**Student:** 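Can you read through this structure? Questions will come right after.
Just follow the structure's listing: the first ligand is 1, and inside any ligand the first atom is 1. No experiment lies behind these values; they were computed from the predicted model shown.
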Amino acid sequence: MREIRPDIVFNVAECANGISREAQIPAMLDMLDIPYTGSDPLTLTTCLDKSRAKEVLAYNGVPTSKFLYAENIDDLDNFNLTFPVMMKPIAEGSSKGIFNSSYVTDLTTLQERLTECLEIYNQPFLIEEYLPGREFTVALLGNDKNVEVLPIVEINFHELPKDLIPIYSYEAKWVADTRDNPLNIFTCPAKLDAELENKIKDVALRTYKVLRCKDWSRIDIRLDKNGEPNIIEINPLPGILPNPVDNSCFPKAARANGLTYEEMINKVLFTALKRHNLL
Ligand SMILES: Nc1ncnc2c1ncn2[C@@H]1O[C@H](COP(=O)(O)OP(=O)(O)OP(=O)(O)O)[C@@H](O)[C@H]1O
Ligand SMILES: [Mg+2]
């Protein structure tokens, strides 16, 4: 990078090691004073650690379900959540470590599963209250006062095989939905009344702001038992598989907004160039 000195880097590097993995390339580029697209190391690491991201949201009054951070089994001594709960590895994506069995309804099962999973995944777990309502994912593009919310994507769980619970789990994403047997699992734009649509947009924009996202992000949202949108997680490096069959949600939302894949990529790039005063 020092030799090439590009004008800007289009960053999609997730890397592999440690909680800093998504921040490593941006931190190196900051060190070399080379601009890049997307969020900075602090935002990337905070969002990768789902518990830290939820702390920032809770402090800022953005709705997110109650949770517990567990790095060993003794952390369940402080358990005061209401079942059912979801348990998830603290810093993964693409539903890695999120199965039907991550939905847990009693303390004995939680103790058993947590013991197993801490061993398998070798990282802390987030345990959080289950949100029973509809699920959406929201793609955002822009900075400061010019953040655009792309058409909202809804995930239709009734398309899943009946033995799967209504979550976008590993089984749902990678076993039930394949290239040979694609599930019609998304609606975009989601069918929403104006009030709910505004609430979802508002909560997504507040999240983008308080996490200090740059240029683009995709935010997962689910309704609680009162029908209020809650944040599940923030993806400042959203998946962007180009083939529509692969069901990447950021490109799907962009397509619903009339953008081709190339136009979407260029829009992210130009948003970043503008932020860096390179236009
Ligand atoms: N608190 C919750 N209540 C209900 N469902 C949840 C909750 N947390 C996660 N889920 C379900 O599990 C799915 C995966 O969770 P999450 O988005 O945290 O994982 P991920 O692997 O980071 O996802 P991505 O593929 O978007 O990176 C969600 O889309 C949702 O269906
Ligand atoms: Mg997600």
**Student:** What is the closest protein heavy atom to atom 17 (O) of ligand 1, and at what distance does it sit?
**Tutor:**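 Minimum-distance protein heavy atom for atom 17 (O) of ligand 1 reads E233 OE2, 2.9 Å.
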**Student:** Which of the numbered atoms in ligand 1 are under 4.0 angstrom from any heavy atom belonging to D220?
**Tutor:** 17 (O), 26 (O)
**Student:** At what distance is the nearest protein heavy atom to atom 11 (C) of ligand 1, and which residue and atom is it?
**Tutor:** I167 CB, 3.7 Å
**Student:** Among all the protein's non-hydrogen atoms, which is closest to atom 3 (N) of ligand 1, and how far away is it?
**Tutor:** L131 N, 2.8 Å
**Student:** Report yes or no: do N11 and T37 form a side-chain donor-acceptor pair below 3.5 Å?
**Tutor:** no
**Student:** Taking only heavy atoms of K173 into account, list the atoms of ligand 1 that are under 4.0 Å away from them.
**Tutor:**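 Those of ligand 1 that fall under 4.0 Å from K173 are 23 (O), 24 (P), 25 (O).
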**Student:** Against L131, only a single residue in I167, N230, T64 fulfils side chain to side chain contact (heavy atoms under 4.5 Å, CB included); can you say which?
**Tutor:**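 One option only clears the test, and that one is N230.
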**Student:** Any ion pair linking E263 and K267 (charged N to carboxylate O, less than 4.0 Å)?
**Tutor:** no
**Student:** Considering non-hydrogen atoms of the protein only, which is the closest contact for atom 2 (C) of ligand 1, and what is the distance?
**Tutor:** M86 CG, 3.6 Å
**Student:** Any Lys/Arg nitrogen of R113 or E116 sitting under 4.0 Å from an Asp/Glu carboxylate oxygen of the other?
**Tutor:**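 No, R113 and E116 are not salt-bridged.
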**Student:** Are the charged groups of D177 and K173 less than 4.0 angstrom apart, N to O?
**Tutor:**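 No, this pair does not count.
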**Student:** Could you find the nearest protein heavy atom to atom 31 (O) of ligand 1 and give me its residue, atom name and distance?
**Tutor:**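 Atom 31 (O) of ligand 1 sits closest to the protein heavy atom E135 OE1, 2.5 Å.
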**Student:** At what distance is the nearest protein heavy atom to atom 15 (O) of ligand 1, and which residue and atom is it?
**Tutor:** I98 CD1, 3.4 Å
**Student:** Does only the side chain of I155 get under 4.0 Å from ligand 1, or the backbone, or both, or neither? Count heavy atoms.
**Tutor:** neither
**Student:** Which of the numbered atoms in ligand 1 are under 4.0 angstrom from any heavy atom belonging to R218?
**Tutor:** 26 (O)
**Student:** With respect to F99, which candidate in Y168, Y170, Y121 satisfies the ring-ring contact (aromatic ring centres under 6.0 Å, His included) definition?
**Tutor:**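 The residue from Y168, Y170, Y121 that satisfies ring-ring contact (aromatic ring centres under 6.0 Å, His included) with F99 turns out to be Y170.
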**Student:** Taking heavy atoms and a distance under 4.0 Å, where does E129 meet ligand 1: side chain, backbone, both or neither?
**Tutor:** backbone
**Student:** Given P132, S94, C47, which one has a non-hydrogen atom that is nearest to atom 27 (O) of ligand 1?
**Tutor:** S94
**Student:** Starting from atom 18 (O) of ligand 1, find the nearest protein heavy-atom neighbour and note its residue, name and distance.
**Tutor:** K88 NZ, 2.7 Å
**Student:** Taking atom types as modelled, is there a side-chain donor on E233 or N235 under 3.5 Å from an acceptor on the other?
**Tutor:**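 Yes, side-chain donor-acceptor contact under 3.5 Å.
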**Student:** Going by atom types only, do D106 and T109 share a side-chain donor-acceptor pair under 3.5 Å?
**Tutor:**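 Looking only at side-chain atoms, T109 and D106 do form a donor-acceptor pair, the distance falling under 3.5 Å.
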**Student:** So, are R222 and D220 salt-bridged, with charged N and O less than 4.0 Å apart?
**Tutor:** no
**Student:** Quick test: of every protein heavy atom, which one is nearest to atom 20 (P) of ligand 1, and how far off is it to 0.1 Å?
**Tutor:**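 Ranked first by proximity to atom 20 (P) of ligand 1 is K50 NZ, 3.4 Å.
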